[in-house]
Structures are given as structure tokens and as C-alpha cells.
Visitor: 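Below is a structure I'd like to ask you about.
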Amino acid sequence: MAMEAALVSVATGVLKPVIGKLTTLLGNEYKRFKTVRKEIKSLTNELAAMEAFLLKMSEEEDPDVQDKVWMNEVRELSYDMEDAIDDFMQSIGDKDEKPDGFIEKIKNSLGKLGKMKARRRIGKEIQDLKKQIKEVGERNARYKGRETFSKTVNATVDPRALAIFEHASKLVGIDKPKAEIIKLLTEEDVRASEQQQQQQLKIVSIVGSGGMGKTTLANQVYQELKGQYECWAFVSVSRNPDMTNILRTILSEVAKKDYGCTEVGSIQQLINKITYFLADKRYFVVVDDIWDMDTWDIIKCAFPATNSTGRIITTTRINNVAHSCCSSFNGRIYNIRALDMVHSRQLFHRRLFKSDEDCPSYLQEICEQILEKCHGLPLAIIAISGLLANIEKTEELWNQVKESIGRALERNPNVEGMMKILSLSYFDLPLYLKTCLLYLSVYLEGSTIEKEGLIRRWVAEGFIHREGRYTAYEFGEKCFNELLNRGLIQPGESDIYREVKSCRVHDTILDFVISKSIEENFVTILGVPTLTIRSKSKVVRRLCVQGVEKGNSAVLIEDLVFSHVRSLTMVRGLLEIPSLEEFRHLHVLDLMGCFEWEDHHLENIVRLFQLRYLNLQGTRISKLPEQIGRLGCLEILDLRRTHVRELPASVVNLRKLMHLLVEGHVKFPDGIAKMQALETLKDVDASIQPLDFLCGLGQLMNLRNLRIHLDFEVDPDTEDRNMVGEEHEKALVSSLCKLGTQNLGSLTIYGWGNLLHEESLCLPTLKDLTISGLPASWQVSTCMGSLRNLQRLCLSVEVLKQGDLCTLGALPSLLVLYLVGKTESNGKLRITGGVGFRFLKIFIYDAYSKPVDLMFGTGSMPKLEKLDLIGFRMVEANTLGFGIENLPCLTSVECIWFKGDDGIVEAVKSAMERAASRHPNHPSLFFLKSSMARRF
């Protein structure tokens, strides 16, 4: 259907969905409205012509003023038209109304366009627009080559793009500055006594303009040194800091405990808790991106200057702030330098050419000229190389890019030129990627953006949709990866599979994105004091509230029209509105982290009939409205970290709901089988669910991702279950078997139950399986035989046996294996050529702080690239280097040990270094002693 393929974009607004909906009105379902079908068809044709015009003009970087006005008017009109259609379709869904009022609305809306072209008829105006498009193309010859730029969307992240950030010390020439900062942090003060040296607080403040790589440099030092301290934290401040959240983050990271919004108290109480915790400890903290001295004056109070050994790095663009940081303690300022030409060239080439590929001779001169314009600014090099990576390697096309940069960088390499490069990169994006990029303006500066949440919002907004064999979410992953590849977003944390799970947006890029969003009336941002740009339109389409103070919202919302708002994001603060009914055309409501929101704030939410996305994560909501099932368009519901403990009966009427995210101890009503659109269901506590739920679970034909807790009650003496528990377990096994032959691709099981002993448990469709909390009596061989398509396995067992490895090695498609568990009493694990693991690429073993004697024999794991050994005690046998020379494809080894004799540790290091030097791939080695091992 056309409506399924409808896309919302920054250039065309909702013209495509409007055309789809008008086409639906021409279908058989609405054929009784004969008097208006001809007019609807005419409107559809005219709107299709408008859409073609807007699509063409969206490729122009600097359109004619008249064209720009027209683009804005048509785009804004499209939103009003869709709202009118939605109102009409909602009304005839309730009662059989004649559509004459609807057509009059459309006619009146189209009539408004006449004011822009001397009130000519719309048909003549469309012809004029076509003529103007042609004229614009002729007089803007400098854009004639743009259509030859590639618009290919990559299915996976280009590893060279990730390498820029993950291995920055190798790629952007920061080995020397990193060493200099480490020296400043660790060198002794000859004037101080030994006791004073041990208890000194030292600080280094890195200062430099945006895009110079301050955060990357600070992070490299942080990653290298943090293991030498008892506790550590990395926190980003940004221009509009939330001091409570910043201090809470510091406390959570140093204490290694997640503190919720309601647990921590006032700013002063947070400071006291951090100071108390850090007393008598060795700690290392990075405070990134400080913009004013007042902010630092608050943060510094949390760091005890005596009776502890602290090391702090701050980063800032402002010299006065750097001096303020250093004057507080024993501090030094480090002025970050631009890359020299050698390192600039290295960064540029690594992004554009393979490791065994040199820059073609015919492009060398152009590359040098481009690099000269970038003045050693890493972000500029990354942005321009991200653009060139998507263009055919011809002298003509690359020369066009070079000329497009112009002389702006020569005038001001840090600001104006950067914006020119970003503008060039932006206009080379396909339209759907432009829209996805501009949507990042709703996120706070310096924040970490979760990939899953971002993609789900893109889907709910209508920016992306199902594409061929890809689901809407899978296509969203392709879009996310493409933005990464182009250097427009930076990778954040990665999971054990090396997949990026979050991202960040550089301040300079975010400035550009916000400017563009406001210019197009794409997003309206309230509560940002440093934001000087304002949209000329009073009609708000997407509203983002960032830090509105109580009692101040009335001034900010004065004269703004909210009746057509499609998206409301509350980042900080509470917008004082009479009722959610004010937002009757709302599609997206994101209240994540707004702990001020309580049950009464959701009054009238069931009247938001167009709502597709509802995120209540981190609020004080304890009960959903009984009539929540009336939200017939709802696709995504996030109830994590709320006080909701039971879902209302009507929730099963949400027939379009695709993603339902709850936390344990949430009870479901009967009727789950009605929710056939469900693709994701997390985190369900099976032990408290009714039998109807456990039986109906297997009827969810489209379920792809399930995370479930098995906490059925067990008699601690006999390990027997009561009859009710046994009946529930059998129902769950039956449902899992049904799901395992349909579309289920990812299954996470916490806890254990009889179902894991069921030989009949068959899950052939699974590609990703996580199981934790298994007892010593559980056999790895149980139910593993059916997992012929399994690619990723995370398994936590109480005791890992040699035979278990043989069973796991027989899995024919396994690519990633993460094992947690102590070995049998002899501590030996041997992996030989006969064990299997023919295609395994990543092996992570966490020995749970126990001694382990692990050895890889000849022919073992022939495709293994990455080996992580975590949380074990070094023993004499490890001095043989684990046999890594027998892993022919190995490129990376990470060794984090829990305890061991220093002499043994040094012998292990030496053995592995010798093996690595003889290895054809010369794998990288990383060693760290830590008191904590990571767990999945």
C-alpha cells in the first residue's frame, strides 16, 4: 500500500503520506463518497507535482529566495492537510459523516497558496514552479555535477570509520600529546614530601577550539590510566549543564552503582556523597566540555583535595575556564595542537583507502590541496573524508568537492570553514538521511544517544519504513551506520559483538543541525539560553523542551500554536500546559527521565488518536489509563524504570504495537495473542504471568526479540515445583518452540527452570542467544543441537567443563562466543583443532576471578580475530602465552586479570609479546589488572 511506503522528510514535510491517504480515500472502502472522488483525485495529482518540485529543490544548497518561500509554504501546508485528513478519517471511523467539510478544508488550505503568486489558480502556479525549477538549474551550473555523487547506503558500519575513534592513538597522531598529558599527571613534585606526593590532587586542563580532538585525547589518556586507580569516572558537561545529573553520573561511576533520579537528593547532598566516597581513595576523573567557570566552581567541590590521591582532566574551549580549573588545584594547562600534515594525511587516507591501497597518483595533488584547507583540524578532515568516501574516485568529482569548499577555510578554519564543509556533507545526503540527521537536534548537547531509541523514534516519526526484506528497524540501522560512516555522528559504546550501541554528536555538528532544523521549522527548541536563532513560524511541528524552569514556561510558549504539534520531547523541566488534549495531533511523546511526571499528567492521553510512540521511561507513572487500548496507532511503548506493576486489560487492543518494553514484575492481562504486530518484548517475568499469557506468547508470529526472566518458585530442598509452576513451564516451552520455528531471532533468558532441561526445546531460527544464572547441574548439551543458525552465544554457567567446549564447538554457524564460569577443579581448558569453532571470530572468556589454565592448540579456532580473557587469576601455566601463535587470523588480544604473582604476570606478558611478534598479523595486545570483571 502507498501509505505503508509513506515517508516524512525535512524537505517535503508530509506530502507523501498525504498523497497516500488521499489515494486510500479513492479506494473501495470510501467509494460511497461519490461526489468528492473526482476532486480528491485532482488534489492528489497536484500534490504529487508539488512533491516532485520540493524533492528537486531539496538538492539545491542555496535556493532562490522566492523558491525558498514556496518550499516552506507548501511544506507547512502539507502538515495542515494531513491533520485535516486524520481528523476526517477519525470522525468517519466513529460515525458515517459526509466528507464535504473535509473537502472544503482542503480547498481553503490550497487557496492560501494563491497569496504567494498573485492569487493565481493552483494549476497555473504548479506550471510556474516547474518553470522556476528549470531556471534555477540553469543559473546554478556549479551544482550540475551533484547528481553523480553516490547515495549508496551501507548495510554495516565501515570499520575504518570506527577505527578513527576506537584507535585514535594510531590514526590521528595523538601518541605524543597523550604521553605529554600522562607525564603531567604522573610526574612527581620535587618540592613535596613522599606523603604529600601520595596525597596530591593533580589536574590537567586541555584547551582548544571545537573539532580539535580534545575529547578524543582525554578519552585515550583515561582508557590507559583508569585501571591504575581504585575508582574512575568520565562525565560530559556541555553548554547547558544539568548539575544534578552530572554529579549523579560521577557518583554512579566512581561507586559503580546506578543511582536513580529519586535516590540522590540535592546538589549539596550529591557533593557530600562523592566527597565522602572518594576520601582515602585513589581516583581518576575526566570532566569533559566545560563552558563556564560557575559550573566548574560547583563540580570541583566534589573532589577532596586532601587525604586522597586524585587525578583530574578537564577539557574546554575557553582559556579563562582552563585557568580557573588549574588555579583550583595543582594544575597545568595543555594547549592542544592541530595535526601536522603527516598525521593529517594519515587520518585522511585511512578513511578513504584500504590498508594495502595507496592514494592514486591522479588524486594526490587534489588530496594535498584539500588537506591544506583543513588546517589540521581532525573534525574537518573526518567530515570531508566522509563525503569523499561516498563519491567515485575520479579527478573531476573530487575536484568539484575541493572547489565547493572554496576559500572559507582560508579565512577562518575553525568556524566558517567547518560550517561550509558540514553544509557540503549535508547536501550530499539522501533526503531520508538529511531528515534523520536533523532529528538529532532534539537531544541535549554532549548527551549519549542510544541507538535503539533513536531508530524507534525515526520509525515513529515516519522518516523511515520497511524496505524490501528489511524491517523498519533494520533499515534504521542502515541509516545509523551511514551517518557513522560519513563522520556526522561519533560512535559511543560498543557491545561484545563490536556493534555500536550508542552515539554522540560533536558540538560543532550539533550547532549546524540545530541551525538547519530551526531554519526549516523542523524542530522548535525551548529553554536553551544560548540559542539565539528562532523560527519565524509560530506554528510548532516538533517541540523539544530543554530546561524550562518552573513558572517560566508561560513566557516561552507565548504566541506559539501547539494544536499541530506532532512530536513532544521533554528533556528537562516541566512544560505547564492545561492538558495533553492541547496536542491532539501528536505522534511522538517522549518523557524519558522526567521524574516530575505522575499519573495525573496522563489524563486525556487516550484522546491522542494519532500517537505512535510513548516513552515513559524514568517517570513516576504507576498506572496506565484503563482505556490505553484506544490508542490504535501506537507502535512503541516504553515503561522501563517506571512504577507500573500491572498493565490494563485494554492494552491487548493495541493491534499496531511493535515494541513493548517493560521491566520485571509487570503483570500482563489475558489476550497477548491479539497483539500480532509485536516484534520486541522485554523484560518479562514469566513467573507472575497468567497461563493465558504463556500460551498466547507462542502465537506472536512476528516476534523477533524476546527477553524473559524465569523465576518460578523452587523448593530449596527437593528442587521440586508445585503443579501450577510445572503447568506454566510446559506452556512456556511450547510457546518458545513455536516462536523458534517462526521469526524469533534473539532470545535472552535470565534465571533457570525446567524448560532448559527440555530436550524437546527446538529453536532453529535463533541467531542470538543469552542465558545466565545456570546451575552446576545444567548440561551445555541440553537443547543446543537445534541451534543450527545461532551466530552469537552468551552463556553464564556455574562450572565450565572441557566437554562443554566440544558441544559448543559443533554449532555450525557460531561467530561470537562469550563464556562466563569457573573451570573444573584442575582449572584446565584445552581447545584443539578437533573441538570445532570453524567460523568463530570473537571469543570472550570470563573465568569469574578463578585460576585458569587455557591453551589453544594447532588448528583451533582458525577464523578467530579477537580474543578477550577477563577476570582470571594468573597461574604458572599462563607463562606459555596461551598458545596464541596457533590462531592464524588473530588481530587483537585483551587480557584483564584479577590476581596473580607479579613475576608470573611479567612472564605472561613477555611470552605473549614474543608470540605476537612472530605472528603474521602482529596482533595488538592490551593488558590490565582490575579488581572488577565485566559481566554481560
Side-chain angles (χ1 to χ4, degrees), residues 164-165 168-189 200-225 234-239 284-297 299-300 310-347 371-383 409-418 446 490 506-509 511:
I164 291 171
F165 301 98
S169 59
K170 297 180 180 178
L171 296 179
V172 296
I174 64 170
D175 281 344
K176 183 178 179 181
K178 182 175 75 171
E180 291 171 344
I181 291 176
I182 290 174
K183 183 179 179 182
L184 291 174
L185 288 170
T186 58
E187 65 183 356
E188 296 180 355
D189 187 344
Q200 278 184 344
L201 175 58
K202 288 187 178 181
I203 184 170
V204 172
S205 186
I206 305 173
V207 63
S209 60
M212 291 289 287
K214 299 184 296 297
T215 301
T216 300
L217 176 56
N219 186 53
Q220 287 291 301
V221 176
Y222 175 72
Q223 295 298 334
E224 180 151 329
L225 294 185
F234 191 113
V235 63
S236 184
V237 176
S238 78
R239 272 177 290 196
F284 184 29
V285 177
V286 176
V287 185
D288 183 45
D289 198 23
I290 306 174
W291 281 78
D292 62 77
M293 290 181 282
D294 291 341
T295 299
W296 171 247
D297 286 341
I299 294 174
K300 72 179 182 182
R311 296 294 182 265
I312 300 173
I313 295 177
T314 65
T315 73
T316 181
R317 301 184 184 194
I318 304 164
N319 284 316
N320 288 344
V321 173
H323 283 284
S324 176
C325 293
C326 292
S327 64
S328 305
F329 304 110
N330 181 21
R332 301 284 294 274
I333 291 177
Y334 186 88
N335 289 287
I336 193 168
R337 301 179 292 272
L339 298 178
D340 58 29
M341 183 56 80
V342 172
H343 289 124
S344 296
R345 191 180 299 117
Q346 185 181 17
L347 175 60
L371 287 174
E372 287 174 4
K373 293 172 181 283
C374 290
H375 289 269
L377 201 61
L379 185 62
I381 297 170
I382 290 169
L409 281 170
E410 297 172 12
R411 294 195 298 271
N412 191 336
N414 291 338
V415 183
E416 185 180 353
M418 177 69 70
Q490 299 175 354
H506 192 281
D507 296 349
T508 305
I509 293 177
D511 286 343

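Not measured: the values here are computed from a predicted model.
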Visitor: Testing Thr215, Val235, Ile313 one by one against Val286 for a side chain to side chain contact (heavy atoms under 4.5 Å, CB included), which residue passes?
Guide: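 When Thr215, Val235, Ile313 are each tested with Val286, the side chain to side chain contact (heavy atoms under 4.5 Å, CB included) holds only for Ile313.
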
Visitor: Quick one: CG on Asn219 to NZ on Lys178, what's the gap to the nearest 0.5 Å?
Guide: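 The distance works out to 10.5 Å.
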
Visitor: List the atom of Asp292, the atom of Ile290, and the distance in Å for their closest heavy-atom pair.
Guide: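 That closest heavy-atom pairing would be O-CG2, 3.6 Å.
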
Visitor: To the closest 0.5 Å, what do you measure between SG (Cys325) and CD1 (Ile206)?
Guide: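 Rounded to the nearest 0.5 Å, the SG-CD1 separation comes to 11.0 Å.
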
Visitor: What is the minimum heavy-atom distance between Arg345 and Leu371, and which atoms define it?
Guide: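 Shortest heavy-atom contact: CA-CD1, 3.6 Å.
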
Visitor: Quick one: CZ on Phe284 to CG on Leu225, what's the gap to the nearest 0.5 Å?
Guide: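 Those atoms lie 5.0 Å apart.
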
Visitor: Measuring only between side-chain heavy atoms, which start at C-beta, is Val237 closer than 4.5 Å to Ile299?
Guide: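 Yes. Closest side-chain heavy atoms under 4.5 Å.
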
Visitor: For Ser205 versus Thr316, what's the shortest heavy-atom pair and its separation?
Guide: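 So the two residues come closest at OG-CG2, 4.1 Å.
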
Visitor: How long is the straight-line distance from CD1 of Ile318 back to NE2 of His323, given to the nearest 0.5 Å?
Guide: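 Going from the NE2 atom of His323 to the CD1 atom of Ile318 covers 12.5 Å.
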
Visitor: Using the side chain to side chain contact (heavy atoms under 4.5 Å, CB included) rule, take Val221 and Leu185 through it: C-alpha gap first, then chi angles, then the decisive distance, then the call.
Guide: CA-CA 10 Å; Val221 176; Leu185 288 170; 4.1 Å; yes

Visitor: Answer with yes or no whether the side chains of Ser236 and Asp289 bring together a donor and an acceptor at under 3.5 Å.
Guide: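 No pair is found: no donor N or O on one side chain lies under 3.5 Å from an acceptor on the other.
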
Visitor: For the atom pair CD1 (Ile333) and CD1 (Ile203), what is the distance rounded to the nearest 0.5 Å?
Guide: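 Taking CD1 in Ile333 and CD1 in Ile203, the distance rounds to 10.0 Å.
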
Visitor: Enter the distance from Glu224:CD to Gln220:CD here, rounded to the nearest 0.5 Å.
Guide: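 Those atoms lie 8.5 Å apart.
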
Visitor: Go through Asn335 and Asn319 one step at a time and tell me if the side chain to side chain contact (heavy atoms under 4.5 Å, CB included) criterion holds.
Guide: CA-CA 9 Å; Asn335 289 287; Asn319 284 316; 4.3 Å; yes

Visitor: Quick one: does any side-chain atom of Lys214 pair with a main-chain N or O of Gly208 as donor and acceptor, under 3.5 Å?
Guide: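 Such a contact is found between Lys214 side chain and Gly208 backbone.
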
Visitor: Please work out which of the three classes, parallel, tilted or perpendicular, describes the rings of Tyr222 and Phe234, given edges at 30° and 60°.
Guide: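 Perpendicular.
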
Visitor: Please name the pair of heavy atoms, one in Pro177 and one in Tyr334, separated by the smallest distance, quoted to 0.1 Å.
Guide: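 That closest heavy-atom pairing would be CB-OH, 3.0 Å.
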
